[in-house]
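Note on naming: letters A, B, ... go to the chains in the order of the sequence lines (proteins, then strands), and numbering restarts at 1 for each one.
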Protein chains: 2
Amino acid sequence: MLNPTESLATAPMLSGSERLWATSVVRDLAFLLARANALSLAQANAAAATHGLKVRSYTVLAIAVSDTRPTQRELAEFLRLDPSQIVALVDELESRALVRREPDPSDRRANVVVATDEGRATYASAHATVADSERAIFAALSAEERTTLMEMLRRLAGAPDALSA
Amino acid sequence: MLNPTESLATAPMLSGSERLWATSVVRDLAFLLARANALSLAQANAAAATHGLKVRSYTVLAIAVSDTRPTQRELAEFLRLDPSQIVALVDELESRALVRREPDPSDRRANVVVATDEGRATYASAHATVADSERAIFAALSAEERTTLMEMLRRLAGAPDALSA
DNA sequence: TCCACTTTATTGAGATTGTCAATAGTTACT
DNA sequence: AGTAACTATTGACAATCTCAATAAAGTGGA
């Protein structure tokens with residue numbers, strides 16, 4: 001029998017809070033989701049920071065680059081952010097000439113957000129860095145597992161009909 | 001022929017930003033993880049709020065109830081929060097008599113956080129509510145899928161040796 | 001057409017959260 | 001004994017969230 005705080009020789013040097021993994025919260029999907037996301041987010045933020053971006057601005061830039069020509073309201077709804085936060089995000093990207101506001105031809109109240117050539121260029125290099133850093137984290141899963149995870153997360157994230165399309 | 005903004009009877013009434021799901025970001029595991037987490041978090045916060053808690057305080061309470069007797073430093077490390085945030089969290093729970101700070105017998109610098117009887121009671125009822133609301137979200141997955149997801153998230157979340165134990 | 005109502009982007013206030021440095025008391029090392 | 005490292009705490013400051021208010025533009029009747 002071992003003392004609860006002791007462990008065998010093969011034990012990975014319990015860094016102090018490891019023992020809290022015995023708690024009931026770690027059997028909570030929402031908790032694990034939050035924790036996995038926190039790690040992934042920290043990693044992605046560090047990667048994006050090497051290009052002067054955060055995941056937020058990186059994501060907006062990615063959508064702008066996609067030529068979907070979203071309005072700010074659509075961005076707010078899709079990213080689940082307050083419209084006023086989109087204003088700040090687009091302001092910053094526009095001040096760096098990575099993105100441009102264009103009038104929506106079908107609604108003069110709305111702006112449409114499009115990437116500049118410079119925006120496309122910095123997105124390309126930022127994407128390389130970010131995708132690389134994510135590979136590191138998701139390397140804990142096999143290729144098939146990643147596919148399965150993506151399919152599950154799409155459903156949890158409320159993606160429209162993941163089956164069709 | 002339908003107007004692009006119109007749709008068939010079976011179509012889920014595209015709420016405006018649905019078309020952004022055609023973007024490349026939705027093929028990004030980190031993005032989907034963040035979005036799924038945002039939804040789950042909002043739901044859990046609403047559920048916990050009916051008991052005067054947030055997910056943060058709910059989680060700390062859950063760990064306190066587990067009789068693991070964590071120090072504040074262990075809580076900070078495990079929850080990836082700054083130690084000063086743990087102070088605020090424990091202050092609040094302690095002011096509501098749900099939790100108590102006890103001196104760590106093995107280190108007089110450290111406090112150990114334990115639940116009071118009242119803390120156990122409110123945790124029990126809060127847990128019922130929160131677990132219920134989570135069931136609603138994760139109902140998008142089958143039981144086996146949830147097991148698979150949990151195993152994957154544990155690895156991504158950095159759980160120690162998910163295989164043994 | 002005129003009028004009330006809604007919607008889009010924007011600004012700004014106030015609360016919440018994240019991050020960091022400094023400190024008092026304690027422990028660990030030599 | 002003395003130096004260095006660690007724990008909890010406080011306080012400052014930045015970043016983020018959440019809301020309300022507003023101007024400009026669309027919507028849908030009477």
I need the [atom1]-[atom2] distance between [X] and [N], as an integer number of Å.
X	N	atom1	atom2	result
B/Leu75	D/dT7	CG	P	13 Å
B/Leu41	D/dT16	CG	C1'	14 Å
B/Arg108	C/dA24	CZ	C1'	14 Å
A/Arg69	C/dT8	CZ	P	18 Å
B/Leu79	C/dG18	CG	C1'	15 Å
A/Glu74	C/dT8	CD	P	9 Å
B/Glu94	D/dA8	CD	P	13 Å
A/Gln72	C/dT10	CD	C1'	9 Å

Quiz item: Checking salt bridge (charged side-chain N to carboxylate O under 4.0 Å, His left out) for the pair A/Arg101/A/Glu94: CA distance, chi angles, key distance, verdict?
Solution: CA-CA 8 Å; A/Arg101 273 180 247 240; A/Glu94 195 171 37; 3.0 Å; yes
Quiz prompt | Comparing B/Lys54 and A/Val87 on DNA chain C - which has the more 5′ nearest nucleotide | solution = A/Val87
Taking only side-chain N and O atoms of [X], does any of them lie within less than 4.0 angstrom of OP1 or OP2 on [N]?
X	N	answer
B/Arg56	C/dG18	yes
A/Arg109	D/dT22	no
A/Arg73	C/dA9	no
B/Gln85	C/dT19	no

Quiz item: Is any side-chain N or O of A/Ser84 under 3.5 Å from a base N or O of D/dC17, one able to act as donor and the other as acceptor?
Solution: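 Such a pair does not exist between side chain and base.
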Quiz item: Parallel under 30°, tilted from 30 to 60°, perpendicular over 60°: which one fits the rings of B/Phe31 and A/Phe78?
Solution: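 Correct class here is parallel.
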Exercise. Using modelled atom types only, decide if a donor and an acceptor are shared between the side chain of A/Arg96 and the backbone of A/Gly52 within a distance under 3.5 Å.
Key: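 At least one qualifying donor-acceptor pair exists.
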Exercise. By nearest nucleotide on DNA chain D, pick out whichever of A/Arg80 and B/Asn111 is the more 5' one.
Key: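 Nearest nucleotide further toward 5': that of B/Asn111.
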Quiz item: Side chains of A/Ser17 and B/Glu77: do they bring a donor and an acceptor to under 3.5 Å?
Solution: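 On atom types as modelled, these side chains qualify, holding a pair under 3.5 Å.
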Quiz item: Between atom OG of B/Ser84 and atom CG of B/Leu89, what is the distance when rounded to the nearest 0.5 Å?
Solution: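 If we round to the nearest 0.5 Å, B/Ser84:OG and B/Leu89:CG are 10.5 Å apart.
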With a non-hydrogen cut-off below 4.0 angstrom, is [X] in contact with a base, only sugar-phosphate, or nothing?
X	answer
A/Asp82	base
B/Arg101	sugar-phosphate
B/Asp107	sugar-phosphate

